[in-house]
S.K.: 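Provided herewith is a single structure, encoded as structure tokens, for subsequent inquiry.
Note on naming: letters A, B, ... go to the chains in the order of the sequence lines (proteins, then strands), and numbering restarts at 1 for each one.
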Amino acid sequence: MNKLTNSELAEKLLSERKVIVIGGATASGKTGLSIALSQELPIEIVSADSRQFYKYMDIGTAKPTAEERSIVKHHFIDNLDPREYFSAGKYANEARNTLNALFEAGKIPLIVGGSGLYIQALCEGFFDDGTDDADPDKASELMAIRNQIELELAEKGIETLYSELMAIDSESAMLYKDKNPRRIARAIEYYRANGIPISRAKKQYKVAEINYKPAYFAIDWQREVLYNRINQRTLQMWEDGLLAETEKLLKMGYERELNSLNTVGYKEVFDYIDGKESKDRTIELIAQHTRNYAKRQITWFKRIESLKWVEYDVVAVLSALSE
RNA sequence: ACGGGUGUAGCUCAAUUGGUAGAGUGACGGUCUCCAAAACCGUAGGUUGCGGGUUCGAUUCCUGCCGCCCGUG
């Protein structure tokens, strides 16, 4: 096989409008690998991590350090206030502009993150029904509907909501046989906001045009090794001041109920602050919940056909890209 | 050492008057097109500490041993 030089490879990737994606489990070394890659190719990093968007949440989300961020330009880190509403769709719309700008500047976008849905939204696209999610009026209307449904759920229970969904959108109802309240609420919410079943919208509307091609990678570890890394990192987080960071967030007035703070690490520390759990137990729980999360991430990425599981090794990624 | 208690799934516990064991949690697997580090669903784990006895049948009753806990020495 004839290997390409890095500059040849870069040229090829740019002309093909390839975006490199590094997904996979938390603590698998995505940050390290992406920075190593940036030493080889003209890259800028586009984060796809639904919690690293938020300011002030540094230790708990294992954000790249300031030093790491000074090596390569990172997008979509610290771009949100913890109170701001965000979603996979909004992310995709915004990040898409970033990708285009990067290509124009001759940079290869490197998407790095563990939020599978966000990566999917960006790289595969959601159906586009034409609503402008940047419109604040639309947003507050949606929130009102969502709150209303949440209320109904609390009062009437999931069975009632499920029957309602069955009546307005049986196709979605069949899809959510597990009666996941979130999914059911979302389907009902879509119907109330737009007047058509979401299952129909999915078919009726095309995805926004995507003029780039993802090359998916994820870092593969034996489960036991990954779990050790997670346990280790959890310990490190605590030593690095996770408690102080959490207290600071509360002092700044951010409520625990915020979606941004419904996050492994912070949740458990809240209980510690309340005296519900000991320090050791808190660390144990964070590690455990992180392991559970990692498992869900792996499940998600497994279903991406074209994804290559690679070792923590830049050369492996480069040679895979050269093919 | 003596008295009392206890020993059931990896962990915490449950099992009506004796009818060959359940739940939570964890583990494992999965779902999910816009709250996704979220929210859900499923599966597998137990010769009920060990031995003996009573009984058609014992986690449940009797007994010996072992371990643990509490109290008294």
S.K.: Within the structure, does a side-chain N or O atom of T299(A) lie under 4.0 Å from either OP1 or OP2 of G30(B)?
M.R.: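 Yes, because at least one side-chain N or O of T299(A) sits under 4.0 Å from OP1 or OP2 of G30(B).
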
S.K.: Quick check on C34(B): is either OP1 or OP2 less than 4.0 Å from any side-chain nitrogen or oxygen of R183(A)?
M.R.: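 For C34(B), OP1 or OP2 has a side-chain N or O of R183(A) closer than 4.0 Å.
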
S.K.: Give a yes/no on whether any side-chain N or O of R146(A) is located under 4.0 angstrom from OP1 or OP2 of C35(B).
M.R.: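 Result: yes.
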
S.K.: For U6(B), give the paired nucleotide (Watson-Crick: N1-N3 plus N6-O4 or O6-N4; G-U: N1-O2 and O6-N3; both under 3.5 Å), or none.
M.R.: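 Its partner is G67(B) (Watson-Crick or G-U wobble, both distances under 3.5 Å).
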
S.K.: Y212(A) ring centre to R17(A) NZ or CZ under 6.0 Å, with the angle to the axis within 45°?
M.R.: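 Checked: cation-pi criterion not met.
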
S.K.: In the structure shown, which nucleotide is the Watson-Crick or G-U wobble counterpart of A1(B), with both distances under 3.5 Å?
M.R.: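 Per the H-bond distance test, U72(B).
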
S.K.: Could you point out which residue of R69(A), K55(A), R51(A) forms a salt bridge (charged side-chain N to carboxylate O under 4.0 Å, His left out) with D78(A)?
M.R.: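 Among the candidates, only R69(A) passes.
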
S.K.: Does W221(A) have R223(A) sitting over its ring (NZ/CZ under 6.0 Å from centre, angle to axis within 45°)?
M.R.: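 No, R223(A) does not lie over the aromatic ring of W221(A).
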
S.K.: Heavy atoms only, 4.0 Å cut-off, all strands: where does Q288(A) land among base, sugar-phosphate and nothing?
M.R.: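 Sugar-phosphate contact only.
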
S.K.: Between the base of G30(B) and the side chain of K295(A), is there a donor-acceptor distance below 3.5 Å?
M.R.: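 Checked by distance alone, the answer is yes.
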
S.K.: Atom CD of E284(A) and atom P of G10(B): how far apart are they, to the nearest Å?
M.R.: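 Roughly 17 Å, once rounded to whole Å.
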
S.K.: Think R303(A) has a side-chain N or O under 4.0 angstrom from the OP1 or OP2 of C32(B)?
M.R.: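 Yes, such a contact exists.
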
S.K.: OP1 or OP2 of C40(B) sitting under 4.0 Å from any side-chain N/O of K177(A)?
M.R.: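 So the side-chain polar atoms of K177(A) never come under 4.0 Å of the phosphate oxygens OP1 or OP2 of C40(B).
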
S.K.: Is the phosphate of A39(B) approached by N259(A) (side-chain N or O, under 4.0 Å from OP1 or OP2)?
M.R.: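 So the side-chain polar atoms of N259(A) never come under 4.0 Å of the phosphate oxygens OP1 or OP2 of A39(B).
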
S.K.: Any side-chain N or O of R186(A) below 4.0 angstrom from OP1/OP2 of C34(B)?
M.R.: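 Answer is yes, contact under 4.0 Å.
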
S.K.: Find out whether the Lys NZ or Arg CZ of K202(A) is both under 6.0 angstrom from the six-membered ring centre of F127(A) and within 45° of the ring's axis.
M.R.: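 So K202(A) doesn't make the cation-pi contact.
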
S.K.: Is any side-chain nitrogen or oxygen of Y85(A) closer than 4.0 Å to OP1 or OP2 of C35(B)?
M.R.: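 So the side-chain polar atoms of Y85(A) do come within 4.0 Å of the phosphate oxygens OP1 or OP2 of C35(B), strictly under.
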
S.K.: Between Y227(A) and C28(B), is there a side-chain N or O to OP1/OP2 distance below 4.0 Å?
M.R.: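 Indeed, a polar side-chain atom of Y227(A) lies that close.
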
S.K.: Could you tell me the Watson-Crick or G-U partner of A39(B), where both distances fall under 3.5 Å? Say none if there is no partner.
M.R.: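 Result: U31(B).
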
S.K.: It should be established whether R281(A) places a side-chain nitrogen or oxygen under 4.0 Å from OP1 or OP2 of nucleotide C11(B).
M.R.: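 Result: no.
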
S.K.: A36(B), OP1 or OP2 - any side-chain N/O from Y118(A) closer than 4.0 Å?
M.R.: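 The answer is yes; a side-chain N or O of Y118(A) sits under 4.0 Å from OP1 or OP2.
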
S.K.: Is it true that K63(A) and E68(A) make a salt bridge, defined as a side-chain N closer than 4.0 Å to a carboxylate O?
M.R.: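 Salt bridge flag = no for E68(A) with K63(A).
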
